[in-house]
Number of protein chains: 2
Amino acid sequence: MGSTAKERGVQAEESRGARTTIVDVAVAAGVSRQTVSNALNRPHKVAPDTLERVLREVERLRFTPHASAQQLRRQRASAFGFEVNPSGHRRLGHILDEFLVELTVSAPAHASHLLAFAPDPDDVIAGYRQTLASGLVDGFVLADTRHADPRPQWLIEHGVPFVSFGRVWDRPELTRWVDVDGHAGVLGAVRHLAASGYEQIGWLGWPSGSPVGDDRRRGWADGLAELGVTGEAPTAESVQDLDEATGAAERLLDRLGTDAAIVCASDLLALGALRAVRNHGLEPGRDVGVVGFDDTDVAAAMQLTSVHQPVAEAARTAWDLLVDPESTSAPVLLEPTLTVRASSIRETSDADSSAVLDPP
Amino acid sequence: MGSTAKERGVQAEESRGARTTIVDVAVAAGVSRQTVSNALNRPHKVAPDTLERVLREVERLRFTPHASAQQLRRQRASAFGFEVNPSGHRRLGHILDEFLVELTVSAPAHASHLLAFAPDPDDVIAGYRQTLASGLVDGFVLADTRHADPRPQWLIEHGVPFVSFGRVWDRPELTRWVDVDGHAGVLGAVRHLAASGYEQIGWLGWPSGSPVGDDRRRGWADGLAELGVTGEAPTAESVQDLDEATGAAERLLDRLGTDAAIVCASDLLALGALRAVRNHGLEPGRDVGVVGFDDTDVAAAMQLTSVHQPVAEAARTAWDLLVDPESTSAPVLLEPTLTVRASSIRETSDADSSAVLDPP
DNA sequence: CTGAAAGCGCTTACAG
DNA sequence: CTGAAAGCGCTTACAG
């Protein structure tokens, strides 16, 4: 094999099978590799004509810096970890799947990327520690925060940057988070139902104790207070099971009487409400209003009015809080919108047109 | 600031705020850093007692190699890209979200990790090229393959490793893929319905032309042939819209007569079928059998029998095909299972117990 | 404004 | 079997 010529390494940068490096660009532009780096990272430090020449070659050779070399030198991964978990008993909605996608979409705008990782359920913190220690990420995006969540505590103690989608319930003042205002979303739904002519408005929610559920329920209660309703308004509780939700909704309907509507803490509960309405021989929308929460694909399929979370905006905000810590230090609470469909429209005219309505 | 002492860098490795490196381990174990590297990567080349001493220090100091340093030196990212797309008009089911999670769960077993990326929809290939050029990934996991998909072509041309979840329809012989046998899944559903006593079995599917849909439909046709049904069996077509699916299912029911069942190409179509059954004043399961496809959370909520894809197994197989290319070179077709629920049970006895039934 | 030097943390031939 | 040398591709002070 007469490979010595090859080994001299004097081939044109185009013909090599290997990757294009900063040196290839430097040679092509007739400058040192430091100048190429400066042109890319600190353009103001480079003479205008040199800059232009370098950038032209960068373009022509389609040079893309090698990420690991940058990471190693900068001691920064420009990446953040996002915990995922196998579904098993997944909730309806997959809001978190959508959030992951939107985080990924917004990542390049912040010169970052997203690393999915699945920690061992028996030692979640170990998964975070390991991922961080590998240098693959600079910090984390948390989701699915809950009471007594060990993660914020650990991250704060170790000075690890993070942002949370969902309030950090135990110490909301301490940390950066972005959340959707469930209270406002449900309040808007109550106002919409009242304006649509439903007289009685009941609540179908989860057993109290879940911070998210309790927050949404307060939105309903405040909505009733705003309408001047006093005394015992009918409510019902159910876990995430359609049959149980249906039963709870039927009992709720009995207590609500005519001209009633039901606001639900989730689309799955609303599915139970829809079924209960039909079991009573009634028509959702025309006879009984039903509103869900999360605006899942199922809500769209079932013509169910539902509170819509601005997930893409939440993802963009999460990046802002994480990558530009100066920009906003306060927590961010986003306003949901109400996607109105046939299940909350009394007139039959345009019952199958769906529209997005901002809460007043 | 009397920081000169600090600059001498003679502090114990424990007390430094900085990361633990291979040198810290070497010093602690009294060997050179090369030996630590060998102990970790080529243990057979290290004397047993040295090995033990080194590994003990690795453990004690919780040393985790810096990923970018490894990647740079090895010229390998040990990571693979997975394309995600903002939902918009998402299908019911989110099988791909589940696949992403399962890929992430299986990644550590292959000493790899998964990078999510969202290419520009107007130039998907550019997104793949860019992600590859950055050195962040060694290859890709494809999903959602379709006819005239430009990605396999481009990847093959550039010698980029990849595996696909879903057949590479245009050149199945050329590439590595893992898929779920939709034909077998629907065939199993037909057999189950026949065994349950439904006499007429219709098909509710998508307009022909989609390779996935056509494959599933053939499973239904072959099932009928197996049962000795000849002539024109009733079918109906619908796109992914619940109202349209309901209408199509109602017409299908009229043609099927009594003792009928409907096999559907998706859970959403099955939702339409369920609604059509109720619109006819009938009860799903008891009067008309309905089977969906994908076993989504909605199927579980609605007590809908559905064909279940072994997504976790598909993810593990994808890693095998990608990371250990020697292990299996042939495409892999996995058998789905049938999750039986009330919608395909005629007796009312245990109508709400769900069971998983392997196809015969 | 430009380039020579140093170094991020690791692995891989290669001497000893 | 162990360690000294080289180098992956890049960036950042720092001379000139």
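If you're wondering where the values come from, they're calculated on a predicted model, not measured in any experiment. In what follows, every chain begins at residue 1, and chains take the letters A, B, ... in the order their sequences are listed.
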Could you list all the side-chain hydrogen bond (donor to acceptor under 3.5 Å, both in side chains) pairs where at least one residue sits in residues 120-132 of chain B, not counting sequence neighbours?
B/Glu83-B/Tyr128, B/Tyr128-B/Arg151
Dot-bracket for DNA chain D, please. Rules: Watson-Crick or G-U, both distances under 3.5 Å, ( ) within the strand, [ ] when a pair crosses earlier ones, | for another strand, . otherwise.
|||.||||||||.|||
Counting neighbours of CD on B/Glu59 that are heavy atoms of other residues, nucleotides or ligands and sit closer than 6.0 Å, is the number greater than 12?
no
Is the shortest side-chain N/O distance from A/Thr50 to OP1 or OP2 of C/dC1 below 4.0 Å?
no
Within the 4.5 Å heavy-atom criterion, are A/Phe165 and A/Ile95 side-chain neighbours or not?
yes
Below 4.0 angstrom, which residues in residues 126-135 of chain B have at least one non-hydrogen atom near DNA chain D?
none
Heavy-atom protein contacts under 4.0 Å, nucleotides 8-16 of chain D, coded B base, S sugar-phosphate only, - none:
BBBBB----
Listed by chain and number, what are the side chain to side chain donor-acceptor pair (under 3.5 Å) partners of B/Thr35, not counting sequence neighbours?
B/Ser32
Ring centers of A/Phe140, A/Phe117 separated by less than 6.0 Å:
yes
Note, A/Pro152 side chain near A/Leu142 side chain (heavy atom, < 4.5 Å)
yes
Side chain B/Asn38, main chain B/Val46, donor-acceptor under 3.5 Å:
no
Just so I know, are the side chains of B/Asn85 and A/Val105 near enough to count as touching, which here means a heavy-atom distance under 4.5 Å?
no
Taking 4.0 Å as the cut-off, does a side-chain nitrogen or oxygen of A/Thr35 come that near to OP1 or OP2 on C/dT2?
no
Please collect all salt bridge (Lys or Arg N to Asp or Glu O under 4.0 Å) contacts where either partner lies in residues 30-54 of chain B, sequence neighbours excluded, each pair once.
B/Glu52-B/Arg56
Under 4.0 Å between a side-chain nitrogen and a carboxylate oxygen: does that hold for B/Arg316 and B/Glu313?
no
